[in-house]
Q: 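Quick one: this structure, given as structure tokens, is what I'll be asking you about.
We count ligands from 1, going down the list as the structure has it; atoms in each ligand are counted the same way. We number each residue from 1, following the sequence as shown.
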Amino acid sequence: MTDLVAVIIPAGGSGERLGAKIPKALVQLAGKTLIEHAVANMAPVANQIIVAAPAGYEAEFQELLGTEVTVVTGGATRTLSVKLALEFVGKENHYILVHDAARALASTDLAMRVIDSLRAGERAVVPGLAVTDTIKRVDRDNYVTKTPTRAKLRAIQTPQGFTRKLLIKAHTSSDDVTDDAGLVEDRGVDVKVIAGEERAFKITTMSDLIDAERALIPEANSEMRVGIGTDTHAFSSNAARALWLAGLFWPNEVGVDGHSDGDVAAHAICDALFSAAGLGDLGSNFGTADPKYAGASGLQLLTECAERVSAAGFVINNVSVQIIGNRPKIGARRAEAIYVLSLALGGASVSVSATTTDGLGFTGEGRGISAIATALLLRSAR
Ligand code: CTP
Ligand code: MG
């Protein structure tokens, strides 16, 4: 066979812009890590797959991806990670695709079309999409120096395909580039652009991750699960106790009693999420006996809860919480509350409302505060 394909997947980045505590390639997307998605999409066309992992994470990657995948230590830049992976490409492979773990949803079909074009005689092939924004070149002081004709511009994606010998030669350059085709162009070789695809977009920020989840679980073929949760706490007799509610600190308000920060809105949302996912409730997940959660804030619990729901294969469609009580007045800080709650839930859609109870009951008498929440989760129908 002279047309075997090796696929290099650089995954050595830290994912700073995504802001997760773990490398971006290990972040969950609808029940699987980004790198598992990328490998699964490329595996059908690959004779060999080489993944460049962040230093220190090699064993974890190998465990996750299995022995069929070669895991190597990545470098300080994407270019270096590709270079290091290149050393491991078997000589039996005539072609090499260079991909990105961050483009986890790029399809097998896209990889096949890149390979078809190589087999038809091209030496360098990249997927690209027409751009919809006008692109301007600027100088160091941000003055426009050129406006290229938009119709001639393409936004370039991966996987990018090359003949093995060409890519190895191109990588003898010491330039640091954001795409491998750039190195090939510098050598005067023709690079062919073929049609890219929307789903091959690069996951860079949290909002990209949510877009990816939506793309992966279109409503039409998803299972929907609704959940409900409530929580109540009594206002403290200790006037110095701080009030935390809906992820916010409320100065000049008396706090509530309880072993945690007593954020009834955050706790109700956690319960709604756990109930929708069938993962038990707040108590069974964050038992009061576990010292790890003794001092945890409502926001910390929400973050942990969202991670467990995601690991169980669910995507949060939306969360809605209603706060019931005389004080504090929520309206003026609604946007702030939505922002912090959504951030804790990885960018999920959140709504916050509030009501009083016409002087009736413990909330009406000003003795305590309650919250009731619903959550809607999506999961691919199996
Ligand atoms: N990459 C790599 N080695 C590096 C840096 C990046 O292999 N030293 C990989 C990333 O893992 C990713 C791809 O190159 O799959 C594209 O990079 P990018 O999307 O910028 O990912 P990160 O560098 O991880 O993200 P950030 O720039 O936000 O930190
Ligand atoms: Mg980067």
Q: For Ala25, is the nearest heavy atom under 4.0 Å from an atom of ligand 1?
A: no
Q: Should Arg164 and Glu92 count as an ion pair when the cut-off is N to O under 4.0 Å?
A: no
Q: Considering heavy atoms of the protein only, find what lies nearest to atom 18 (P) of ligand 1 and give residue, atom and distance to 0.1 Å.
A: Lys24 NZ, 3.6 Å
Q: Measure from the ring center of Phe286 to the ring center of Phe274 and say whether it is less than 6.0 Å.
A: yes
Q: In Å and rounded to the nearest 0.5 Å, what is the CD1 to CG distance from Ile50 to Asn93?
A: 7.5 Å
Q: Can you list the steps and then say if Asp176 with Thr79 is a side-chain hydrogen bond (donor to acceptor under 3.5 Å, both in side chains)?
A: CA-CA 6 Å; Asp176 186 26; Thr79 308; 2.7 Å; yes
Q: Give the residue and atom name of whichever protein heavy atom lies nearest to atom 27 (O) of ligand 1, and the separation in Å to one decimal.
A: Arg17 NH2, 2.9 Å
Q: Looking at atom 29 (O) of ligand 1, what's its closest protein heavy atom, distance included?
A: Glu16 N, 2.7 Å
Q: Find all atoms of ligand 1 within a distance of less than 4.0 Å from any non-hydrogen atom belonging to Asp100, and give their numbers and elements.
A: 13 (C), 14 (O), 15 (O), 16 (C)
Q: Which atoms from ligand 1 have a heavy atom of Ala102 less than 4.0 Å away?
A: 15 (O), 19 (O)
Q: Please state which part of Ala76 comes within less than 4.0 Å of ligand 1, counting heavy atoms only: side chain, backbone, both or neither.
A: backbone
Q: Between Asp179 and Arg78, does any NZ, NE, NH1 or NH2 come within less than 4.0 Å of an OD or OE carboxylate oxygen?
A: no
Q: In the protein, what heavy atom is nearest to atom 15 (O) of ligand 1, and what distance, to one decimal place, separates them?
A: Pro10 O, 2.9 Å
Q: I need the atoms of ligand 1 closer than 4.0 Å to a non-hydrogen atom of Ser14, numbered in the order shown.
A: 24 (O), 29 (O)
Q: Any chance the side chains of Thr356 and Asn326 put a donor and an acceptor closer than 3.5 Å?
A: no
Q: Please check whether Ala11 reaches ligand 1 - meaning an N/O of the residue sits under 3.5 Å from an N/O of the ligand, judged on distance alone.
A: yes
Q: Can you name the closest pair of heavy atoms from His99 and Val7 and give their distance?
A: CB-CG1, 4.4 Å
Q: What part of Lys202, side chain, backbone, both or neither, has a heavy atom within less than 4.0 angstrom of ligand 1?
A: side chain
Q: What is the nearest protein non-hydrogen atom to atom 25 (O) of ligand 1, stated with its residue, atom name and distance?
A: Gly15 CA, 3.4 Å
Q: Below 4.0 angstrom from a heavy atom of Ser81, which ligand 1 atoms are there? Numbered from 1 as shown, please.
A: 2 (C), 3 (N), 4 (C), 7 (O), 8 (N)
Q: Using 30° and 60° as the class limits, which term best fits the ring planes of His267 and His233: parallel, tilted or perpendicular?
A: perpendicular
Q: Counting each atom of ligand 1 from 1 as listed, which ones have a heavy atom of Gly75 under 4.0 Å away?
A: 3 (N), 4 (C), 8 (N)
Q: Does the pair Arg334/Glu336 count as a salt bridge with the N-to-O cut at 4.0 Å?
A: no
Q: Quick one: does Thr204 get a heavy atom under 4.0 Å from ligand 1?
A: no
Q: Nearest heavy-atom pair of Ala101 and Ala25: which atoms, and what distance?
A: CB-CB, 4.0 Å
Q: Just need the protein heavy atom nearest to atom 1 (N) of ligand 1, so name the residue and atom and give the distance.
A: Gly13 N, 3.4 Å
Q: Is a donor on one side and an acceptor on the other found under 3.5 Å between the side chain of Asn41 and the backbone of Ala38?
A: no
Q: To which protein heavy atom is atom 7 (O) of ligand 1 closest, and what is the distance rounded to 0.1 Å?
A: Gly12 N, 2.7 Å
Q: Looking at Ala101, which atoms of ligand 1 are within less than 4.0 Å of one of its heavy atoms?
A: 15 (O)
